[in-house]
Trainee: 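I have a structure here, written as structure tokens, and I will follow up with some questions on it.
Every number for a ligand or one of its atoms is a count from 1 in the order of the listing.
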Amino acid sequence: MDDLRYQIDLLTALNQKLNNNERMYKLICETSKRAFIYINYINNTVKMVGKWEDYIDFRIDEAAEITRLLDIFTEKERGEIRRLLFIEKEGKDEQSYEAELRDEKTWVKLRVNIYRDEFGVLTDKIIAIENVTKLHNHRDELTYLAYYDNMTNLYNRNYFITKLKNFVEMAESEKKIVSVMLIDIDDFHKISDSRGIVMGDEVIQNFGLFLNDLTENYVIGSRFDSDIFCLAIYDPCGHRSVETIYKSIKEFLSHPIRLTDMTDVPITVSIGVAEFPEASDNALQLINCAEIVMLKAKEAGKNNLKFFDSSILNNFLRDVSLENKLKEAIFGEKFFMNFQPQFYTESGKIRGVEALIRWRDRDGTFISPSLFIPIAEKNGAIVPIGDFVLEESIKAHMNWKMKFDFPMILSVNISSIQYNRQDFVPKVIALISKYNMKPEELELEITESVLIDDFKSVISKMMELRDYGIKVSLDDFGTGFSSLSYLKGLPIDTLKIDKSFIDNITTDNASWIIAETIISMSKRLGFETVAEGVETREQYEKLKEISCDLIQGFYLGHPMEAKMIEELLIRNI
Ligand code: C2E
Ligand code: MG
Ligand code: MG
């Protein structure tokens, strides 16, 4: 009897233990993110554990019914899922597979494990399902981010370079050409400054999506940097020739870009093209070459396309060597000043001079300021150069004054880099005090490029200078983004009409009308008006006719050394 009691207790304890174990496994399964189907082939039982209701709305009670799971998958996945559910037929014990559900939103990972007895007969099968949508999307996103620019769907720079390298390798073996087009939106900073970053992004996105439409197997595209795009064309010809692609771009840009706020933004682009094998056989260098010509296209007035040729590379290298020479020159004092006289048109009397820097190279050749000033602006050398120019010119001015006691105005060109420095105004004031120069004898020539920067602070600096008595002149009017209407608000004293407007006034009636309009408008706005680059008597006479205040140009006087100005003053006063 005791024995029986003992057996019952033992069984009860075992049962309890089994129940506990089963409960434990069930709880573990339910808290796991997976749902399971456990099939026992020996007893022919099926158990479903976990949240199957997330995936199916039916129950599976028999092993044969597991094929009903196929219904939840998209059609194209079903073949693969069927193989997975019956991996025993392929002699496998374990396998998993990720597939999309019929709702086309959910991704699941299905895993099947099987167990056999010692004779190899199937005894158990566990099918586990897990929702991996987030992971899948995230992975998609990572793959996407690794290769694409999310604003435009174009390749990102790294992936583009890899693809371009492939193009170059392929072209090398197939003896084909690869064209690289580097495309930069002109004056993009003005767009984003005036319209804000978000609208600026919209412009980039619109243009980028358009470029994306041009891409195909042999035309790949990338957003390279903020507003810089790059296309690479394998074996350019027919519809994918550079000319045709350029034409499409021009056509697209012939209408302004319409933004979501229903405003229109017209844009133009500058494009540089370099080709394998002519420009280089190296993918990165091809891009560099394309960039060099793109910058040339910008210098040539923007809104155009330029092809790379070796002379451009030579010029670029010249600029680089110029940059190195420039560094030497600053320390080696190879600069000196020339002065070009300005005359009152009516009386022919001298009004003053414009100071123009000169640089004589080691071998005695002169290097034009139009060449080295832009480089000095880029590398910051313009600041010490500008200081030199101001001090040397003021010294020369005070020397003439001492000798001739004649009222003269000294005009000095100021680069926007100098002008925008915080210490600019105090520096100028300190200098004129140092040499006892009267502020009204100094005129600072700035170009419209300074106005691109923080307009308010540019204007307040102008006012500060003028409050102190220093004159401000706007140089090269007509070459920048000038419009007569914005002139009226500018605190300037003098307007210098660029030579390009003066050039054809005697030969071309339209040019004359334009020059005349600008000059008379400028006078009416109260500015003293200078015509620059007057080279002939006829031009001078015409300008006199409309009473342009001042004349500067080779006709009345070339830039010259300070000593020669003295001779001029002796004759002129
Ligand atoms: P800019 O300020 O407009 O100076 C006038 C330029 O036109 C000078 O060239 C002058 O020599 C030239 N020019 C004057 N009259 C005539 C003419 O009748 N015909 C022709 N063909 N040219 C004439 P330059 O000295 O080569 O200077 C070029 C530019 O370089 C200047 O244009 C100015 O923007 C810049 N620059 C010159 N000196 C300085 C300087 O000291 N500082 C800064 N920041 N820029 C300077
Ligand atoms: Mg000037
Ligand atoms: Mg000028």
Side-chain angles (χ1 to χ4, degrees), residues 299 322 326 329-330 334-343 351-360 365-397 409-421 424 428 431 442-450 471-480 482 492-506 518 522 528-540 543 550-562 564-565:
E299 277 170 24
L322 215 56
L326 190 62
I330 292 166
K334 302 233 172 64
F335 298 112
F336 61 98
M337 298 310 298
N338 265 193
F339 302 91
Q340 185 176 30
Q342 292 177 341
F343 297 90
R351 179 243 198 188
V353 296
E354 174 175 4
L356 295 162
I357 192 168
R358 295 293 173 257
W359 174 12
R360 196 185 290 115
T365 52
F366 285 98
I367 301 166
S368 157
S370 316
L371 271 181
F372 71 82
I373 295 283
I375 298 174
E377 284 177 334
K378 266 186 227 152
N379 70 12
I382 192 66
V383 177
I385 291 178
D387 292 347
F388 167 85
V389 167
L390 260 172
E391 186 146 12
E392 283 302 295
S393 315
I394 292 178
K395 274 197 232 164
H397 174 89
I409 291 170
L410 171 71
S411 300
V412 181
N413 291 289
I414 302 295
S415 147
S416 60
I417 311 286
Q418 280 170 278
Y419 187 82
N420 287 323
R421 284 173 65 102
F424 177 68
V428 174
L431 252 184
L442 181 65
E443 179 171 74
L444 301 180
E445 291 194 8
I446 55 169
T447 59
E448 287 155 294
S449 61
V450 305
K471 289 186 169 35
V472 178
S473 152
L474 189 65
D475 199 1
D476 302 340
F477 181 77
T479 54
S482 12
I492 57 165
D493 303 275
T494 312
L495 189 77
K496 299 187 75 175
I497 316 291
D498 191 68
K499 176 175 181 300
S500 55
F501 286 93
I502 309 300
D503 279 345
N504 300 319
I505 54 172
T506 54
I518 297 177
S522 162
E528 211 167 13
T529 308
V530 187
E532 287 191 282
V534 179
E535 292 182 339
T536 65
R537 185 187 175 80
E538 291 75 26
Q539 287 170 342
Y540 174 64
L543 292 160
L550 294 155
I551 299 286
Q552 183 181 344
F554 291 173
Y555 174 60
L556 290 178
H558 280 256
M560 54 188 95
E561 292 196 19
M564 306 266 289
I565 294 288

Trainee: Glu532: heavy atom below 4.0 Å from ligand 1, yes or no?
Mentor: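 Judged by the 4.0 Å heavy-atom criterion, Glu532 does count as contacting ligand 1.
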
Trainee: Does even one non-hydrogen atom of Lys499 get within less than 4.0 Å of ligand 1?
Mentor: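 Heavy atoms of Lys499 do come under 4.0 Å of ligand 1.
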
Trainee: Could you see which bit of Val389 sits under 4.0 Å from ligand 1, with heavy atoms only: side chain, backbone, both or neither?
Mentor: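 Contact part for Val389 vs ligand 1: side chain (C-beta onward).
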
Trainee: I'd like to know whether ligand 1 has His558 as a neighbour, heavy-atom separation below 4.0 Å.
Mentor: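 Judged by the 4.0 Å heavy-atom criterion, His558 does not count as contacting ligand 1.
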
Trainee: Are Lys499 and Glu532 within salt-bridge range, i.e. N to O under 4.0 Å?
Mentor: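 Judged by the 4.0 Å cut-off on N to carboxylate O distance, Lys499 and Glu532 do not form a salt bridge.
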
Trainee: Which atom names give the shortest non-hydrogen contact between Ala355 and Asn413, and what distance separates them?
Mentor: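 Minimum heavy-atom separation between Ala355 and Asn413: O-ND2, 3.3 Å.
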
Trainee: Look up atom CD1 in Ile417 and atom CD1 in Ile385, then write down how far apart they are to the nearest 0.5 Å.
Mentor: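 Reported value, rounded in 0.5 Å steps: 12.0 Å.
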
Trainee: What's the spacing between Ile409 CD1 and Glu354 CD if we round to 0.5 Å?
Mentor: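 Going from CD1 on Ile409 over to CD on Glu354, the span is 13.0 Å.
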
Trainee: Using a distance threshold of 4.0 Å (strictly less than), state whether atom 34 (O) of ligand 1 has a protein heavy-atom neighbour.
Mentor: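 Within 4.0 Å of atom 34 (O) of ligand 1, no protein heavy atoms are found.
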
Trainee: State the atoms of ligand 1, each with its element, that fall below the 4.0 Å cut-off from a heavy-atom position in Pro559.
Mentor: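 The list of qualifying atoms is 11 (O).
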
Trainee: For the Mg ion (ligand 2), give me the closest N/O/S atom belonging to Glu354, just the atom name.
Mentor: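 In Glu354, the N, O or S atom with the shortest distance to the Mg ion (ligand 2) is OE2.
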
Trainee: What's the shortest heavy-atom distance between Glu561 and Phe339, and which atoms?
Mentor: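 Where Glu561 meets Phe339 most closely, the heavy atoms are C-CD1, 4.4 Å.
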
Trainee: If you measure from the Lys or Arg side-chain nitrogens to the Asp or Glu carboxylate oxygens, is any gap between Lys496 and Glu443 under 4.0 Å?
Mentor: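 Result for this pair is no, no salt bridge flagged.
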
Trainee: Is Lys496 close enough to touch ligand 1? Criterion: a residue heavy atom under 4.0 Å from a ligand atom.
Mentor: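 So Lys496 does not count as touching ligand 1.
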
Trainee: Please confirm whether Phe372 and Trp359 have ring centers closer than 6.0 angstrom.
Mentor: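 Yes, ring centres under 6.0 Å apart.
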
Trainee: With the Mg ion (ligand 3) as the centre, enumerate protein N/O/S atoms below 2.8 Å in chain and residue order.
Mentor: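 Counting only protein N, O or S atoms under 2.8 Å from the Mg ion (ligand 3), the list reads Asp475 OD1, Asp476 OD1, Glu532 OE1, Glu532 OE2.
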
